[in-house]
Amino acid sequence: MTALTTPTRVARRTARRRALPPDAVRHGALALIALGALGVLALWWVDTPRIAGAADWLTGTARITGLLAGYAAPVLLLLMARVPLLEREVGADRMARWHAFGGRYLVSLITVHVLTVVWGYALTSGQGLWDQGVEIVLHFPDMLKATAATLLILGTGAVSARAARRRLSYEAWYYLHLATYLAVALGFGHQLTTGADLADNKAKALWYLLYLGTAAVLGWYRLLRPFLRDRRHRLRVAEVRAEGPGVVSVFLTGRHLHELRAEPGQFFRLQFLTPQLRWAANPYSMSAPPHPHFLRFTVKGLGAHSAAVASLAPGTAVRAEGPYGAFTARRRHGGPVLLLGAGVGVTPLRALFETLPGRVTLVQRARRPEDMLFRHELAAVAAGGRDRRVHELLGSREQVGDLGAALHRLVPDLGRHEVYLCGPDAFTAEAVRALRAAGVRPSRIHHESFAF
């Protein structure tokens, strides 16, 4: 199979789809979230005529944190609902970072809410903290379900901490996070039956709208839309081709692939329908521009799921969610472009290298020559256009030396470049520091991570 698409056609299609100013959707989404939080605080303010004494301060704090936690939970689910506009304009990796930050915020709110509500009620009733806590859990409406929801969310937050996350496979992390949907559902009733600020019919109607609207968005974009697309496109594995040690390219064929409107640099979440792989959908970038008859993804065996992809048989059915990601020509402001990648991170850069207009330089970092991906393809693309350059940074960190100095040798006018960066987290962090020291503005450094 050939994986080449006319670069000018792809560039024109991307330009036609750029209807919004850069970052407009990102700023709009953040503003909308902030306005919603202010509206939630207004519910408490209107319903609180005065605060007198320690018990009032504690129960007031419990009400505020409870309202904000109740608001944050569906917002966090919406961030992961895979709404195409947000995935395309904001980027899946940035959405995941927002989600991670919001998750820590939610865990903190719930913790403070539990502590202050028990403490405040204990001061009012004169009971001990333990006795008051037991009474709340066993005798207040919907509190058994709310307690289960609290434990699920706190447990998910614990395993999502950076130290614990590094020890989990993507698949285990994925399954654990499914518990948050159950937690949000279990906690909903308690908010209405014991939440004094939601007693008003208008407030209650808005709360129902928030939660039912979130359920509808999730149902459409996470369940129904992927099912309909699967029926429409009928994706199948056409070929699995070795690219390097532990790295394979998977070619998928199907029907009406042009309707997916995929762009170079984007990724899909692929679910291969085999007994071993069918229960998880992992993110994989396209390693070639989208073709009317097939899509190519390059996968490195980093976990059980990706390692098993190498043994897929032709004809295996595939469900694909996407395309997702803002790591595309849409982010480009203008001027020469540097594509900087390491390991399998060069995958989306390979597609961009073929299609971005203007002067484009690709630098690939690897320890060993056999770890360099797409060597012949990249050389062929570079040979076909005078504005294309390919460089390799080969060897250990000691052999390569300072990354900034190495980049300056390969790209003398480094500070003038716009940079697309993809690779392991440690490499990305080092590269960002080197690029900033070279004078590249943060707004011109685009990087994407699948560490979510």
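Glu259 pairs with exactly one of Arg232, His233, Arg229 by the side-chain hydrogen bond (donor to acceptor under 3.5 Å, both in side chains) rule, that one being Arg232.
Across Arg331 and Ala326, no two heavy atoms sit closer than the pair NE-O, 2.9 Å. Nearest heavy-atom pair across Leu340 and Ala431 is CD2-CB, 3.9 Å. Across every non-hydrogen atom of Leu79 and Met95, the tightest pair is O-CE, 3.1 Å. Listed here is the closest heavy atom pair of Thr116 and Leu58: CB-O, 3.5 Å. Listed here is the closest heavy atom pair of Ala288 and Ala351: C-CB, 3.7 Å. What you find for Leu403 and Phe427 is that their closest heavy atoms are CD2-CE1, 4.2 Å.
In this structure the side chain of Glu135 never reaches within 4.5 angstrom of the side chain of Asp131, judged on heavy atoms. The shortest side-chain heavy-atom distance between Asp230 and Leu235 does not fall under the 4.5 Å cut-off. Using a 4.5 Å heavy-atom cutoff, the side chains of Leu339 and Leu356 are in contact. When side chains are defined from C-beta on, Ile64 counts as touching Leu41, because their heavy atoms get closer than 4.5 Å. In this structure the side chain of Pro84 reaches within 4.5 angstrom of the side chain of Arg225, judged on heavy atoms. In this structure, Val248 and Leu312 have side chains that are not in contact, with every pair of non-hydrogen atoms separated by 4.5 Å or more. By the 4.5 Å heavy-atom criterion applied to side chains, Thr147 and Met143 are counted as neighbours. Between Leu338 and Val440, every side-chain heavy-atom pair lies at or beyond the 4.5 Å cut-off.
Counting heavy atoms of neighbouring residues, nucleotides and ligands inside a 6.0 Å radius, atom CZ of Arg234 exceeds 12 of them. Counting non-hydrogen atoms of neighbouring residues, nucleotides and ligands closer than 6.0 angstrom, the CH2 atom of Trp98 exceeds 12 such neighbours. Counting heavy-atom neighbours within 6.0 Å of Arg441 CZ, excluding the residue itself, gives a total of 12 or less.
Although no hydrogens or angles enter the test, the distance criterion places a donor-acceptor pair under 3.5 Å between the side chain of Arg444 and the main chain of Gly334. Judged by distance alone, with hydrogens and angles left aside, the side-chain atoms of Thr428 form a donor-acceptor pair with the main-chain N or O of Gly423 at under 3.5 Å. His446 places no side-chain N or O within donor-acceptor distance of the main-chain N or O of Tyr420, the cut-off being under 3.5 Å. In this structure, the side chain of Arg82 does not engage the main chain of Tyr324 through any donor-acceptor pair within 3.5 Å. Between the side chain of Glu418 and the backbone N or O of Gly335 there is no donor-acceptor pair closer than 3.5 Å. A donor-acceptor pair under 3.5 Å is absent between the side-chain atoms of Asp413 and the main chain of Arg416, judged by distance alone. Side-chain atoms of Thr65 come within 3.5 Å of backbone N or O of Ala62 as a donor-acceptor pair. With Glu89 contributing its side chain and Ala24 its backbone, the two residues share no donor-acceptor pair below 3.5 Å. With hydrogens and angles disregarded, a donor-acceptor distance shorter than 3.5 Å links the side chain of Gln271 to the backbone of Arg278. The main-chain N or O of Thr59 is never found under 3.5 Å from a side-chain atom of Tyr121 such that the two would form a donor-acceptor pair.
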>> Run the side-chain contact (heavy atoms from CB on, under 4.5 Å) test on Ile136 and Gln132 for me, step by step, so that the C-alpha distance in whole Å, both residues' side-chain angles and the decisive distance to 0.1 Å come before the verdict.
In response: CA-CA 6 Å; Ile136 290 174; Gln132 184 64 65; 3.7 Å; yes
> Given the rule in the side-chain contact (heavy atoms from CB on, under 4.5 Å) test, do Tyr181 and Leu218 qualify, once you have shown the distances and angles that lead to the verdict?
Replying inline: CA-CA 10 Å; Tyr181 295 93; Leu218 287 167; 3.8 Å; yes
>> The test is side-chain contact (heavy atoms from CB on, under 4.5 Å); show your working for Phe327 and Leu349 and say whether it passes.
In response: CA-CA 9 Å; Phe327 196 65; Leu349 304 180; 3.7 Å; yes
>> I'd like to know whether Leu144 forms a side-chain contact (heavy atoms from CB on, under 4.5 Å) with Leu138, so could you lay out the CA-CA distance, the side-chain angles of the two residues, the decisive distance to 0.1 Å, and finally the verdict.
In response: CA-CA 7 Å; Leu144 285 174; Leu138 296 182; 4.2 Å; yes
>> Under the criterion side chain to side chain donor-acceptor pair (under 3.5 Å), I'd like the reasoning laid out for Thr347 against Ser285: C-alpha separation, chi angles, the key distance, then a yes or no.
In response: CA-CA 6 Å; Thr347 296; Ser285 291; over 6 Å; no
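Between the OG1 atom in Thr214 and the CG atom in Leu209 there is a gap of 8.5 Å [rounded to 0.5 Å]. Of the inter-residue distances, the one linking His417 atom NE2 with Leu435 atom CG reads 11.0 Å to the nearest 0.5 angstrom. The line from NZ of Lys202 to CG of Leu43 is 12.0 Å long, rounded to the nearest 0.5 Å. Distance check, rounded to the nearest 0.5 Å: CZ of Arg63 to CG of Leu68 gives 12.0 Å. Trp57 CH2 to Leu123 CG: the interatomic distance, rounded to the nearest 0.5 Å, is 14.5 Å. Of the inter-residue distances, the one linking Leu228 atom CG with Leu224 atom CG reads 4.5 Å to the nearest 0.5 angstrom.
With 3.5 Å as the limit, one finds no donor-acceptor pair spanning the side chains of Arg350 and Thr298.
Ring orientation note: the planes of Phe297 and Phe268 are nearly perpendicular, at an angle over 60° on the 30°/60° scale. Using the six-membered ring where Trp is involved, His190 and His113 have ring planes that are tilted, between 30° and 60° apart. Ring orientation note: the planes of Tyr211 and Trp207 are tilted relative to one another, at an angle of 30° to 60°.
Residues passing the side-chain contact (heavy atoms from CB on, under 4.5 Å) test with Leu223: none are found, sequence neighbours excluded.
No salt bridge links Glu430 with Arg365; every basic N to acidic carboxylate O contact stays at or beyond 4.0 Å.
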